[in-house]
Amino acid sequence: MNARTEQNNKPRKIGVIDSGVGGMTVVREIARLLPDADIIYFGDSANVPYGNRTEAEIIDLTCAMLDFMRGKDVALVAVACNTISTVIDKFQSRYNFPIFSIIGPAAAHVAASDLHHVGLLATEFTIKTGQYQKLIHERNASITIHAKGSKNLAALLEAPEYDEAAVDEEISSLLSALAKEYPVKYIILGCTHYPIAIKLFNKRAPDIHFIDPAALQAEEVRHFLESQGYSSYRNSGSLSMYTSGDTESFTRILEVLGIQMPHQIHAAEK
Ligand code: DGL
């Protein structure tokens with residue numbers, strides 16, 4: 001009996017959660033790898049940025065999103081948010097679906113490289129927890145991580161009135177701060193909102209290679225589903241987005257990221 005017959009012939013969905021629109025960068029990568037999977041997304045835009053919150057607040061807000069996913073027949077939930085992923089250990093024991101961190105696959109990828117110096121840009125919360133550093137150094141202690149946190153960049157990328165000049169200025173100041181510390185050639189975009197502005201990063205630093213953890217997390221999701229018999233999750237390749245905030249930000253982000261799959265945007269309760 002495969003997973004589909006166990007589920008009364010109903011294909012199961014892939015859940016993705018984030019503090020806001022940023023996790024749509026993960027949706028894009030999952031849809032690329034698994035174009036016929038149905039994805040259900042929750043973005044807590046009413047409470048973004050998580051990166052300026054306390055750990056207790058982040059855990060409570062995340063549990064509310066995972067509770068939402070409980071009723072949605074998900075095969076798994078990908079935590080697209082790096083900030084939440086720094087406290088990923090707090091969640092698995094409370095839920096009966098597998099929960100995937102975005103940091104784990106990126107850290108493993110970097111640790112397996114022969115790089116000696118790697119930059120990391122993320123929220124201040126993510127940087128302070130030292131989770132990237134810990135997970136990389138557990139596998140490869142010879143890599144020096146040069147980290148800079150931003151209080152503002154995620155919120156700027158989330159704002160309904162997108163201010164490209166302000167985003168560009170923040171990116172420029174983060175890259176200069178990093179360059180002053182060490183001239184890194186590889187930088188992890190350790191906040192799922194940041195790849196939304198990849199064109200600006202590339203323009204500011206054309207010689208730097210930016211590592212996007214979204215693609216690596218999507219690869220892990222695919223690997224898991226294949227190990228479970230992926231055909232059980234094949235359906236029409238649709239996307240249902242729920243947000244506690246403004247639905248228009250999601251319309252904008254779909255366009256910016258070039259996501260064209262059939263979709264619906266729902267306002268969720270705050
Ligand atoms: N999406 C979050 C992350 O990946 C950052 C945004 C926030 O601060 O809520 O870290």
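Remember, it's 1-based here, ligands and their atoms both numbered in the order they're listed. The shown structure was predicted, so the numbers you read here are calculated from the model rather than taken from an experiment.
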Side chain or backbone of [X] under 4.0 Å from ligand 1, or both, or neither, by non-hydrogen atoms?
| X | answer |
| --- | --- |
| Ser19 | side chain |
| Asp18 | side chain |
| Thr123 | side chain |

For this session: Flag Asn82 as yes when one of its N or O atoms lies below 3.5 Å from any N or O atom of ligand 1, and as no otherwise.
Result: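 For ligand 1, there is an N or O atom that lies under 3.5 Å from one belonging to Asn82.
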
Just jot down the ligand 1 atoms closer than 4.0 angstrom to any heavy atom of [X], in number order.
| X | answer |
| --- | --- |
| Val48 | 9 (O) |
| Pro49 | 7 (C), 8 (O), 9 (O) |
| Thr192 | 1 (N), 3 (C), 4 (O) |

Return the closest protein heavy atom for [atom] as residue, atom name and distance.
| atom | result |
| --- | --- |
| atom 5 (C) of ligand 1 | Cys191 SG, 3.1 Å |
| atom 8 (O) of ligand 1 | Gly51 N, 2.8 Å |
| atom 7 (C) of ligand 1 | Tyr50 N, 3.2 Å |
| atom 2 (C) of ligand 1 | Cys81 SG, 3.2 Å |
| atom 10 (O) of ligand 1 | Thr83 OG1, 2.6 Å |

Problem set entry | Pair Phe100 + Phe224: ring centers closer than 6.0 Å |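 Yes, the ring centres sit under 6.0 Å apart.
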
Exercise. Looking at Phe125 versus Tyr50, is the centre-to-centre ring distance below 6.0 Å?
Worked result: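 For Phe125 and Tyr50, the ring centres are not under 6.0 Å apart.
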
Problem set entry | Ser142 side chain to Asn140 side chain, donor-acceptor N/O pair below 3.5 angstrom |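 Indeed, the side chains of Ser142 and Asn140 share at least one donor-acceptor pair under 3.5 Å.
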
Exercise. Are side-chain N/O atoms of Asp36 and Tyr233 paired as donor and acceptor at under 3.5 Å?
Worked result: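 No donor-acceptor contact under 3.5 Å links the two side chains.
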
Problem set entry | Flag side-chain contact, heavy atom, 4.5 Å: Ile58 against Val87 |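 Ile58 reaches Val87 side chain to side chain.
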
Exercise. With respect to atom 6 (C) of ligand 1, which of Ala214, Ser85, Ala154, Pro213 exhibits the smallest heavy-atom separation?
Worked result: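 Minimum heavy-atom distance to atom 6 (C) of ligand 1 goes to Ala154.
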
Problem set entry | Residue list, side-chain contact (heavy atoms from CB on, under 4.5 Å) with Thr243, at least two apart or on another chain |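 Once residues adjacent in sequence are excluded, the partners of Thr243 under the side-chain contact (heavy atoms from CB on, under 4.5 Å) criterion are Ser45, Thr247, Phe250.
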
Problem set entry | Same apolar cluster: Ile99 and Leu216, side chain cutoff 4.5 Å |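 No, no single cluster joins them.
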
Problem set entry | Same cluster (ILVMFWY, side-chain, under 4.5 Å), Leu153 and Leu175 |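 Yes; Leu175 is reachable from Leu153 via cluster members.
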
For this session: Would you check if the side chain of Ser85 reaches a backbone N or O of Ile88 as a donor-acceptor pair within less than 3.5 Å?
Result: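 Looks like no, no N/O pair under 3.5 Å.
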
